[in-house]
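Chain A is the first sequence line, chain B the second, and so forth, proteins listed ahead of strands; every chain is numbered from 1.
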Amino acid sequence: MLKSFVHSLLKSAWQELDHSGSDEVIEIEVRRTDRPEFGDFASNIALTGASITGMPPRELAQQIINRLSRKGVKRIEVAGPGFINFFLADEVFHRALRGVLAAGERFGRSLHGAGKRVQVEFVSSNPTGPLTIGHGRQAVLGDVLASLYEAIGYQVSREYYFNDEGGQVDMLARSLWARYRQAWGEKESVPEQGYHGEYLVKIAHDLKASLQQPFPLFDSATAQLFKEEALSRMIASIKEDLALLNVRFDNWFSEATLHRSGEVKRTLELLDGKGAIYKKDGATWLAAEEYGGTKDAVLIRSNGRPTYLMVDIAYHINKWERKFDHVINVQGADHHAQQANMKAAMRMLGYPEDFLAYCLHQFVTIKAKEGVERMSTRAGKFIELRVMIEDLGKDVVRYFMVARKPESHLELDYALAKQETMDNPVYYIQYSHTRCASIFRKAGNRIPRQWDEVDLSLITQPVELDIICLLDRFPEVVEEAALTFAPHLIAEYALTLAGKFHRYYTDFRVLTAEQLLTQGRLALLRGVQCVLRQTLRLFKISAPEEM
RNA sequence: GCGCCCGUAGCUCAGCUGGAUAGAGCAGCGGUUUCCUAAACCGCAGGCCAGAGGUUCGAAUCCUCUCGGGCGUACCA
């Protein structure tokens, strides 16, 4: 990589300097510049090193430059307060491009997490209703995060944890039964605290057709039947919604199994053994605050039923026993307090601090456009994910959901996203890929057989070298996006690359009369297309050959 | 009250492990097509980076306070 090349130059020069005055170690920082006159890369080593050596920064910079190898370097300058600016030789860029071409589809992938297993748990919405746009953000966020970890070498498992036990599910069953009775023309009403959405009406009618019995009494057998029917149908519907987004899970984990297997009970005993729980007001409490939680929390209610937290702790022990090296939970901001308590519990039980990480995200809100009637009626209303996907298309939804950093609120201008699809960044990126494909179709037999042997000597335009520099950076971006839970970096990157390419396309012709030039530019194009395809693949957005 | 997140162009947001003149997209205005797809490109305009202090060679970025918005602070999940 270009950056590490510069880094190694600096490192050996720094080591040649006499540091007898101090044995302090210095962190050598090399960064890409944002201005051509500052060169391709710059280092502030002389600024940070000034205090160690006692030399003025500019003088120190000069000393370092005097000891620098000039191999692969076009020019080096001291600039501003003492920055060292590097202008690299064309051959170095050419080597970088060859690296991209040699790696091909593997470019951007790494072995950072080789041999390690990570689980990403996301969505995990209760199967009591259809997915909303809020779940949509989480679905895409989790899915892309999982892909990013796969890209850096981890073995990844996508998991959906669903609640199929407890009060909420009982309420769902009761609500469905009421709708079922209505389907038979009876006057039964959905409980005040129940689920009033239209979706249960539809399920009730389907159910009537298959069961063909009135079930006039909501006795325990009926409750059980309606619970099972409600759950299986809701889960099927959620799976359908997710499939529309191209999200698939490796494992669907049922909460009920944790109760049946006795894991909840065993977990409680485990916590008791650590002295982490106490009784108060007829309930059993977790001493969370002592271990960094926000507040002590109830584990077993006074009615004997376990809380969400109680079961969640058992669930995480289960995850640990499944031998994951890391588990990442993608959750909404409303779970924040819960997360602190969960981490406190893990601490009490002695699990490593880096086993459990949360990717917390803020909510999606819909921006209503003033003066637009339809939108104002929709404002504040839930929008079903399915409806949004049908309106905007899978690719657009996926892109928008991860284009912003998770901890920022995502305010989606629904009307705009729908109307102005032509100005959509998704199409902008896809079109850049299409343009590459189009040129390759035209190039025909001029396409080189062996990419790594192409003569690149005529690839000397500043834009061309700039694009290579950007391609070269891709693996860094992937790694950072994964490790800091920041898929939006990929979106930014793809947009930048597409933009540079579109400009290049406008100013320069790839297919020219000069064979050497054409071959070189086709090689560059190949690299661009390859990286564009990787970004789209990470997002699971299609990379069209034609548009 | 306390805790977490956010406050950057008219709008939606990048940039935040401190670096040299703060960026993109959209919206606005004006241009570009003998030539690989104009779903593109170029130009103009637009900012006391919420505000006030502090830390230092240097702050949108770090610290403190204030103001504004979201979320949490359940024997819901």
| query | Which comes earlier along RNA chain B counting from the 5' end, the contact point of T434(A) or that of S124(A), where each point is its nearest nucleotide? | reply |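 Result: T434(A).
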
| request: Name the residue closer to the 5' end of RNA chain B, choosing between E545(A) and E165(A) according to the nucleotide with the nearest heavy atom. | output: E545(A)

[atom1] spacing across the pair [N] / [M], given as an integer number of angstrom:
{"N": "rG54(B)", "M": "rC29(B)", "atom1": "C1'", "result": "44 Å"}
{"N": "rG18(B)", "M": "rC57(B)", "atom1": "C1'", "result": "12 Å"}
{"N": "rG10(B)", "M": "rU73(B)", "atom1": "C1'", "result": "37 Å"}
{"N": "rA77(B)", "M": "rG72(B)", "atom1": "C1'", "result": "14 Å"}
{"N": "rG19(B)", "M": "rG58(B)", "atom1": "C1'", "result": "7 Å"}
{"N": "rA59(B)", "M": "rU64(B)", "atom1": "C1'", "result": "15 Å"}
{"N": "rU61(B)", "M": "rC6(B)", "atom1": "C1'", "result": "15 Å"}
{"N": "rA74(B)", "M": "rC62(B)", "atom1": "P", "result": "30 Å"}

Given atom [atom1] of [X] and atom [atom2] of [N], what is their separation to the nearest angstrom?
{"X": "R31(A)", "N": "rU61(B)", "atom1": "CZ", "atom2": "P", "answer": "15 Å"}
{"X": "I429(A)", "N": "rA24(B)", "atom1": "CD1", "atom2": "P", "answer": "16 Å"}
{"X": "R509(A)", "N": "rU34(B)", "atom1": "CZ", "atom2": "P", "answer": "13 Å"}
{"X": "Q339(A)", "N": "rG3(B)", "atom1": "CD", "atom2": "C1'", "answer": "13 Å"}
{"X": "R404(A)", "N": "rC26(B)", "atom1": "CZ", "atom2": "C1'", "answer": "10 Å"}
{"X": "N85(A)", "N": "rU21(B)", "atom1": "CG", "atom2": "C1'", "answer": "15 Å"}
{"X": "M310(A)", "N": "rC75(B)", "atom1": "CE", "atom2": "P", "answer": "16 Å"}
{"X": "Q331(A)", "N": "rC5(B)", "atom1": "CD", "atom2": "C1'", "answer": "15 Å"}

Return the nearest nucleotide to the side chain of [X]; candidates are [options].
{"X": "E411(A)", "options": "rC36(B), rC75(B), rC13(B)", "result": "rC13(B)"}
{"X": "K295(A)", "options": "rA74(B), rG72(B), rA20(B)", "result": "rA74(B)"}
{"X": "N44(A)", "options": "rA77(B), rC36(B), rG19(B)", "result": "rG19(B)"}
{"X": "A42(A)", "options": "rA77(B), rA20(B), rG15(B)", "result": "rA20(B)"}
{"X": "E37(A)", "options": "rU21(B), rC5(B), rC36(B)", "result": "rU21(B)"}
{"X": "R435(A)", "options": "rU12(B), rA38(B), rG72(B)", "result": "rA38(B)"}
{"X": "S302(A)", "options": "rA20(B), rC75(B), rC71(B)", "result": "rC75(B)"}
{"X": "A79(A)", "options": "rU12(B), rA77(B), rA20(B)", "result": "rA20(B)"}
{"X": "Y428(A)", "options": "rG72(B), rC75(B), rA40(B)", "result": "rA40(B)"}
{"X": "P81(A)", "options": "rG15(B), rG19(B), rC6(B)", "result": "rG19(B)"}

| query | So do the side chains of T535(A) and L497(A) get within less than 4.5 Å of each other, counting heavy atoms only? | reply | no

| said: With a 4.5 Å cut-off on side-chain heavy atoms, are E29(A) and T48(A) touching? | reply: no

| field | Contacts of type ring pair (Phe, Tyr, Trp, His ring centres under 6.0 Å), residue F508(A), not counting sequence neighbours | value | Y504(A)

| Pairing residues for H336(A) by the ring pair (Phe, Tyr, Trp, His ring centres under 6.0 Å) criterion, not counting sequence neighbours |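 Testing H336(A) for ring pair (Phe, Tyr, Trp, His ring centres under 6.0 Å), a comparison that skips the adjacent residues, returns none.
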
Between [X] and [Y], is any side-chain donor less than 3.5 angstrom from a side-chain acceptor?
{"X": "Q430(A)", "Y": "D395(A)", "value": "yes"}
{"X": "Y399(A)", "Y": "N424(A)", "value": "no"}
{"X": "E77(A)", "Y": "N85(A)", "value": "no"}

| field | Interface with RNA chain B, restricted to residues 491-505 of chain A and to heavy atoms under 4.0 Å | value |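 Output list: E492(A), H502(A), R503(A), Y505(A).
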
| remark: So the salt bridge (Lys or Arg N to Asp or Glu O under 4.0 Å) pairs with at least one residue in residues 519-531 of chain A (sequence neighbours excluded) are E464(A)-R521(A)

| Among pairs that include at least one residue of residues 493-518 of chain A, which meet salt bridge (Lys or Arg N to Asp or Glu O under 4.0 Å), considering only residues two or more places apart or in two chains? |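 Found D466(A)-K500(A).
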
Considering every strand and a 4.0 Å limit on heavy-atom distances, what is the contact class for [X]: base, sugar-phosphate, or nothing?
{"X": "Q430(A)", "value": "nothing"}
{"X": "Y358(A)", "value": "nothing"}
{"X": "H488(A)", "value": "sugar-phosphate"}
{"X": "L410(A)", "value": "sugar-phosphate"}
{"X": "A283(A)", "value": "base"}

Determine all donor-acceptor pairs shorter than 3.5 Å in which one atom belongs to a side chain in residues 477-495 of chain A; sequence neighbours excluded.
{"unit_1": "T484(A)", "atom_1": "OG1", "unit_2": "E480(A)", "atom_2": "O", "d": "2.7"}
{"unit_1": "Y493(A)", "atom_1": "OH", "unit_2": "L470(A)", "atom_2": "O", "d": "2.7"}

When you check the phosphate oxygens OP1 and OP2 of [N], does a side-chain N or O of [X] lie under 4.0 Å from one of them?
{"X": "R446(A)", "N": "rC36(B)", "answer": "no"}
{"X": "H409(A)", "N": "rC13(B)", "answer": "no"}
{"X": "K405(A)", "N": "rC5(B)", "answer": "no"}
{"X": "R35(A)", "N": "rG23(B)", "answer": "yes"}

| task | State which residues pass side chain to side chain contact (heavy atoms under 4.5 Å, CB included) with Q515(A); sequence neighbours excluded, sorted by chain then number. | result | Q519(A)

| query | Quick one: side chain to side chain contact (heavy atoms under 4.5 Å, CB included) partners of E228(A), sequence neighbours excluded? | reply |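 Per chain and number, E228(A) pairs via side chain to side chain contact (heavy atoms under 4.5 Å, CB included) with Q224(A).
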
| Quick one: do K319(A) and E121(A) make a salt bridge, cutoff under 4.0 Å? | yes

| request: Sort by first number and list every stem of RNA chain B: at least 3 consecutive Watson-Crick or G-U wobble pairs, both distances under 3.5 Å. | output: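 Stems found: B:1-7 with B:67-73, B:10-13 with B:23-26, B:28-32 with B:40-44, B:50-54 with B:62-66.
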
| query | F363(A) stacking on rG70(B): centroids under 5.5 Å, ring planes under 30°? | reply |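 Taking the rule of under 5.5 Å and under 30°, the ring of F363(A) does not stack on rG70(B).
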
| said: Using the six-membered base ring of rG19(B), report whether F83(A) stacks on it, requiring centroids under 5.5 Å and planes under 30° apart. | reply: no

| request: Kindly indicate whether the side chain of D507(A) and the base of rA40(B) share any N or O donor-acceptor pair separated by less than 3.5 Å? | output: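 A donor-acceptor contact between them is absent.
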
| said: Tell me whether the side-chain N or O atoms of S408(A) pair up with the base of rC6(B) as donor and acceptor below 3.5 Å, since no angle test is needed here. | reply: no

